[in-house]
K.L.:
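Would you mind keeping the following structure in view while I ask a few things?
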Amino acid sequence: MWDEQQRERLSSLRVREAAGILTASERNELNSLYAALDASEQQALSNAQEQSQTRQVELQRENERLAHEVAELRRIRDDHQRLLAEARSYLHNLRAQRSELAHEYKRVTGRTLNNAP
């Protein structure tokens, strides 16, 4: 990691370079600091890219999990709608049969069938 001392030394050498008073050994030191800075930035970039790739894989897995969940929820919804349709049909048939029985009862007895269960 790039520390404060290295930053200050780089700044100092750059000022000397701009003033045209950089010695050969300072030039070598400046080049070394630039190389160290480049390496530090490259490492930071590599770490960021690795984290980004890891996060992308995590998000892809989460996306796949959610897609599977959505498919399962749709299946459950469809099954539930089918069950409700069957129940409505069954109830309709029960009411029709009860009505027929009530009519038969009235025909046979002349009385209305009591609605009590």
Side-chain angles (χ1 to χ4, degrees):
M1 213 42 168
W2 198 251
D3 65 24
E4 189 60 34
Q5 184 179 5
Q6 288 171 311
R7 282 189 195 98
E8 287 175 8
R9 184 62 180 156
L10 177 64
S11 179
S12 170
L13 290 172
R14 289 176 70 192
V15 167
R16 290 182 57 78
E17 179 184 39
I21 57 172
L22 202 59
T23 66
S25 65
E26 289 174 328
R27 164 70 56 205
N28 289 337
E29 184 181 1
L30 181 61
N31 289 337
S32 292
L33 287 171
Y34 278 139
L37 180 59
D38 287 344
S40 177
E41 289 174 347
Q42 183 59 42
Q43 182 62 44
L45 181 60
S46 292
N47 290 343
Q49 286 174 329
E50 188 175 305
Q51 289 173 354
S52 177
Q53 288 171 347
T54 299
R55 182 66 178 142
Q56 187 175 5
V57 167
E58 290 169 356
L59 290 173
Q60 181 62 34
R61 285 183 184 145
E62 179 69 3
N63 190 38
E64 290 168 3
R65 185 192 69 76
L66 290 172
H68 178 72
E69 186 175 313
V70 165
E72 288 293 306
L73 289 172
R74 284 182 177 149
R75 182 195 55 79
I76 291 168
R77 179 205 58 205
D78 293 345
D79 288 350
H80 187 257
Q81 287 175 341
R82 180 192 45 77
L83 181 64
L84 285 174
E86 288 176 11
R88 285 184 185 112
S89 176
Y90 186 73
L91 181 59
H92 177 74
N93 289 337
L94 286 176
R95 285 180 178 158
Q97 289 176 19
R98 186 177 190 302
S99 179
E100 282 182 37
L101 289 173
H103 287 309
E104 284 184 43
Y105 182 82
K106 186 169 185 175
R107 181 184 56 80
V108 170
T109 66
R111 295 178 300 206
T112 302
L113 185 63
N114 185 355
N115 286 334

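Values below: all heavy atoms of this structure, side chains included; hydrogens, waters and symmetry mates excluded.
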K.L.:
May I ask you to decide if Leu22's main-chain N or O and Arg16's side chain share a donor-acceptor pair within less than 3.5 Å?
P.N.:
no

K.L.:
Enumerate the residue pairs fulfilling salt bridge (Lys or Arg N to Asp or Glu O under 4.0 Å) with a member in residues 27-36, sequence neighbours excluded, ordered by first and then second residue.
P.N.:
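Matches after skipping sequence neighbours: Arg9-Glu29, Glu17-Arg27.
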
K.L.:
Between Arg75 and Asp79, does any NZ, NE, NH1 or NH2 come within less than 4.0 Å of an OD or OE carboxylate oxygen?
P.N.:
yes

K.L.:
Side chains of Gln60 and Glu64: is there a donor and an acceptor less than 3.5 Å apart?
P.N.:
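Looking only at side-chain atoms, Glu64 and Gln60 do form a donor-acceptor pair, the distance falling under 3.5 Å.
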
K.L.:
To the nearest 0.5 Å, what is the distance between CD (Gln49) and CD (Gln42)?
P.N.:
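Gln49 atom CD to Gln42 atom CD measures 7.0 Å (nearest 0.5 Å).
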
K.L.:
More than 12 heavy atoms of other residues, nucleotides or ligands under 6.0 Å from CZ of Arg7: yes or no?
P.N.:
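Yes, enclosed.
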
K.L.:
Do NZ/NE/NH1/NH2 and the carboxylate oxygens of Arg55 and Glu58 come within less than 4.0 Å?
P.N.:
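Yes, charged N to carboxylate O under 4.0 Å.
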
K.L.:
Is any side-chain heavy atom of Arg88 closer than 4.5 Å to a side-chain heavy atom of Leu91?
P.N.:
no

K.L.:
Report the distance from atom NE2 of His80 to atom CG of Leu84, rounding to the nearest 0.5 Å.
P.N.:
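Answer rounded to 0.5 Å: 4.5 Å.
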
K.L.:
Apply side chain to side chain contact (heavy atoms under 4.5 Å, CB included) to residues Arg65 and His68 and explain how you reach the verdict.
P.N.:
CA-CA 5 Å; Arg65 185 192 69 76; His68 178 72; 5.8 Å; no

K.L.:
Apply side chain to side chain donor-acceptor pair (under 3.5 Å) to Ser52 and list each qualifying residue two or more places apart in sequence or on a separate chain.
P.N.:
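Side chain to side chain donor-acceptor pair (under 3.5 Å) list for Ser52, sorted by chain: empty.
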
K.L.:
Roughly how far apart are Leu113 CG and Ser99 OG, rounded to 0.5 Å?
P.N.:
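So the CG of Leu113 and the OG of Ser99 are separated by 10.0 Å.
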
K.L.:
What heavy-atom pair brings Leu10 and Tyr34 nearest, and what distance separates the two atoms?
P.N.:
CD1-CE2, 3.8 Å

K.L.:
Who pairs with Glu104 by side chain to side chain donor-acceptor pair (under 3.5 Å), at least two apart in sequence or on another chain?
P.N.:
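Checked Glu104 against side chain to side chain donor-acceptor pair (under 3.5 Å); zero matches.
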
K.L.:
If you draw a 6.0 Å radius around CZ in Arg82, do more than 12 non-hydrogen atoms from other residues or ligands fall strictly inside?
P.N.:
yes

K.L.:
Are any side-chain N or O atoms of Ser89 and backbone N or O atoms of Ala85, one a donor and one an acceptor, separated by less than 3.5 Å?
P.N.:
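Flag not set: sc Ser89 to bb Ala85 has no pair under 3.5 Å.
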
K.L.:
State the CG-CG distance between Asn28 and Leu33, to the nearest 0.5 angstrom.
P.N.:
11.0 Å

K.L.:
Roughly how far, to the nearest 0.5 Å, is CZ of Arg61 from CD of Gln56?
P.N.:
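Going from CD on Gln56 over to CZ on Arg61, the span is 12.0 Å.
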
K.L.:
Looking at Arg14 and Leu30, what are the two nearest heavy atoms and their distance?
P.N.:
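In terms of heavy atoms, the two residues are closest at CG-CD1, 4.1 Å.
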
K.L.:
Would you say Gln51 and Asn47 are linked by a side-chain donor-acceptor pair, where the criterion is simply a distance under 3.5 Å?
P.N.:
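Looking only at side-chain atoms, Gln51 and Asn47 do not form any donor-acceptor pair under 3.5 Å.
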
K.L.:
Do Val15 and Leu37 belong together in a cluster built from hydrophobic side chains that touch within less than 4.5 Å?
P.N.:
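Shared cluster, no.
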
K.L.:
Kindly give the heavy-atom pair with the smallest separation between Glu26 and Thr23, and that separation in Å.
P.N.:
OE1-N, 2.9 Å

K.L.:
Does atom CD of Glu4 have more than 12 heavy-atom neighbours from other groups under 6.0 Å away?
P.N.:
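For Glu4, atom CD is crowded (more than 12 foreign heavy atoms under 6.0 Å).
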
K.L.:
Other residues, nucleotides and ligands only: do more than 12 of their heavy atoms fall within 6.0 Å of CZ on Arg95?
P.N.:
no

K.L.:
When rounded to the nearest 0.5 angstrom, what distance separates CG in Asp3 from CD in Glu8?
P.N.:
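Between atom CG of Asp3 and atom CD of Glu8 there are 9.0 Å.
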
K.L.:
If you draw a 6.0 Å radius around CD in Glu72, do more than 12 non-hydrogen atoms from other residues or ligands fall strictly inside?
P.N.:
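It does: Glu72 CD has more than 12 such atoms within range.
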
